[in-house]
2 protein chains.
Amino acid sequence: MTQSHLKEALDTLKETGVRITPQRHAILEYLINSMSHPTADEIYKSLEGKFPNMSVATVYNNLRVFREVGLVKELTYGDASSRFDFNTSEHYHIICENCGKIVDFHYPGLDEVEHLASHVTGFKVKHHRMEIYGVCPDCAGKEVH
Amino acid sequence: MTQSHLKEALDTLKETGVRITPQRHAILEYLINSMSHPTADEIYKSLEGKFPNMSVATVYNNLRVFREVGLVKELTYGDASSRFDFNTSEHYHIICENCGKIVDFHYPGLDEVEHLASHVTGFKVKHHRMEIYGVCPDCAGKEVH
DNA sequence: TAAACTATTTATAACAATTATAATCTAATA
DNA sequence: TATTAGATTATAATTGTTATAAATAGTTTA
Ligand SMILES: [Mn+2]
Ligand SMILES: [Mn+2]
Ligand SMILES: [Zn+2]
Ligand SMILES: [Zn+2]
């Protein structure tokens with residue numbers, strides 16, 4: 001599963017003429033295997049054993065490259081640092097306001113809202129962003145003593 | 001209309017024991033009258049004629065105070081600076097990817113999505129965030145030569 | 001193959017939004 | 001009036017991210 005994701009991702013890089021360097025391979029591998037939504041710094045730190053001389057700029061640069069070819073999505077939350085999501089299928093996120101956990105969930109696209117917004121504002125709609133905030137089961141459990 | 005909004009806002013401050021200083025009065029007035037979604041720096045610059053010595057920290061501090069008592073909502077968009085919305089009624093935003101214009105629009109709350117997300121993830125849902133991205137009529141017009 | 005060119009990485013400096021700190025000022029209270 | 005708490009100011013610090021330039025590695029051309 002993750003192997004085929006990695007293979008597909010490497011193919012995408014080849015097709016778009018982006019060189020596959022050891023650093024890029026490792027960042028992609030980490031994104032796919034982590035099954036989470038790491039920050040650039042988390043990726044940087046987790047790879048410093050393997051690449052002691054890797055620059056943090058390399059992580060940022062390559063995440064930007066991956067975003068540009070559609071391999072990852074960047075998730076921005078206010079002041080904190082961006083998180084990166086290996087782009088498998090369309091999905092939304094629900095975020096715990098207590099511990100910051102981000103969980104995927106699927107829901108059909110919000111076509112109706114997009115349509116109405118376009119109608120009342122005259123905008124040409126491209127896409128939307130939606131996420132839900134709340135308290136995760138772990139944190140809710142801890143609240144009850 | 002804006003007068004009553006200002007009056008209500010000042011009442012809210014009184015009720016919550018927040019002193020009404022000239023700076024706070026001016027920031028609130030600006031937020032209500034601007035009918036837009038200014039950044040802290042825009043507010044700061046627009047008031048420097050009236051308050052030549054006002055510190056930018058004062059703007060940030062007071063916007064935080066206003067947010068904490070529920071008078072304004074902070075809108076965060078990735079790397080750029082936060083924008084602030086005087087909190088009238090619940091509404092969503094549609095944003096032009098070309099010029100950055102932010103336009104309000106109304107839509108009933110997305111209760112169904114919240115409910116499903118809660119069901120499949122076990123989260124206790126608090127609220128959600130949704131905005132739509134596209135190209136505004138002005139920018140779409142310019143594209144056609 | 002050698003030379004030239006291009007992409008990538010590294011190290012480091014710069015940037016920009018925001019926050020922290022400490023001193024000063026203002027207003028409320030005793 | 002003296003005391004206290006709250007607010008503002010000026011400035012420094014922080015932090016995530018980007019820019020820059022030199023070094024390295026890979027690719028293409030002669
Ligand atoms: Mn995800
Ligand atoms: Mn608004
Ligand atoms: Zn949690
Ligand atoms: Zn526009």
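Each chain gets a letter, A, B and so on, in the order the sequences are listed, and its residues count up from 1.
Shown for residues 20-31 of chain A: no residue has heavy atoms falling under 4.0 angstrom of DNA chain D. Across residues 58-67 of chain A, A:Thr58, A:Asn62 each have a non-hydrogen atom less than 4.0 Å from an atom of DNA chain C (numbered order). At a non-hydrogen distance threshold of 4.0 Å, nothing from residues 33-54 of chain B comes into contact with DNA chain C.
Considering only heavy atoms from C-beta on, A:Leu13 comes within 4.5 Å of A:Ile20 through its side chain. For the pair A:Arg24/A:Phe66, a side-chain contact is recorded, criterion being any heavy-atom separation below 4.5 Å from C-beta on.
Between A:Ser81 and D:dT15 there is no side-chain N or O to OP1 or OP2 distance below 4.0 Å.
Qualifying side-chain hydrogen bond (donor to acceptor under 3.5 Å, both in side chains) partners for A:Lys50, counting only residues two or more places apart in sequence or in other chains: none.
Of the N and O atoms on the side chains of B:Ser82 and B:Glu74, at least one donor lies less than 3.5 Å from an acceptor on the other residue.
Between A:Leu13 atom CG and C:dT8 atom P the separation is 10 Å, expressed in whole Å. A:Arg83 has its CZ atom 10 Å from the P atom of D:dT17, to the nearest Å.
Using modelled atom types, no side-chain atom of B:Thr39 and backbone atom of B:Ser81 make a donor-acceptor pair closer than 3.5 Å. Between the side chain of A:Thr58 and the backbone N or O of A:Met54 there is no donor-acceptor pair closer than 3.5 Å.
Across C:dT8, D:dA7, C:dA11, the shortest atom-to-atom separation from the side chain of B:Val18 is found for D:dA7.
Among the protein residues, A:Ala80 comes within range of no part of the nucleic acid, since none of its heavy atoms lies under 4.0 Å from any strand.
Listed by first and then second residue, the salt bridge (Lys or Arg N to Asp or Glu O under 4.0 Å) pairs involving residues 33-49 of chain A are A:Asp41-A:Lys45, A:Glu42-A:Arg83 (not counting sequence neighbours).
Between A:Cys96 atom SG and B:Lys124 atom NZ the span is 10.5 Å, to the nearest 0.5 Å. In this structure, CG on A:Asn62 lies 11.0 Å from CZ on A:Phe84, to the nearest 0.5 angstrom.
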* To do: Starting from the C-alpha separation in whole Å, work towards a yes-or-no answer on side-chain contact (heavy atoms from CB on, under 4.5 Å) for B:Cys136 and A:Phe123.
  => CA-CA 4 Å; B:Cys136 77; A:Phe123 273 55; 3.4 Å; yes
When the side chains of residues 102-117 of chain B are checked against the rest of the protein, which donor-acceptor pairs come out under 3.5 Å, sequence neighbours left out?
unit_1: B:Asp104; atom_1: OD1; unit_2: B:His37; atom_2: NE2; d: 3.1
unit_1: B:Asp104; atom_1: OD1; unit_2: B:His91; atom_2: NE2; d: 3.3
unit_1: B:Asp104; atom_1: OD1; unit_2: B:His93; atom_2: NE2; d: 3.1
unit_1: B:His106; atom_1: ND1; unit_2: B:Glu90; atom_2: O; d: 3.3
unit_1: B:Tyr107; atom_1: OH; unit_2: A:Glu112; atom_2: OE2; d: 2.9
unit_1: B:Glu112; atom_1: OE2; unit_2: A:Tyr107; atom_2: OH; d: 2.9
unit_1: B:Glu114; atom_1: OE2; unit_2: B:His128; atom_2: ND1; d: 2.6

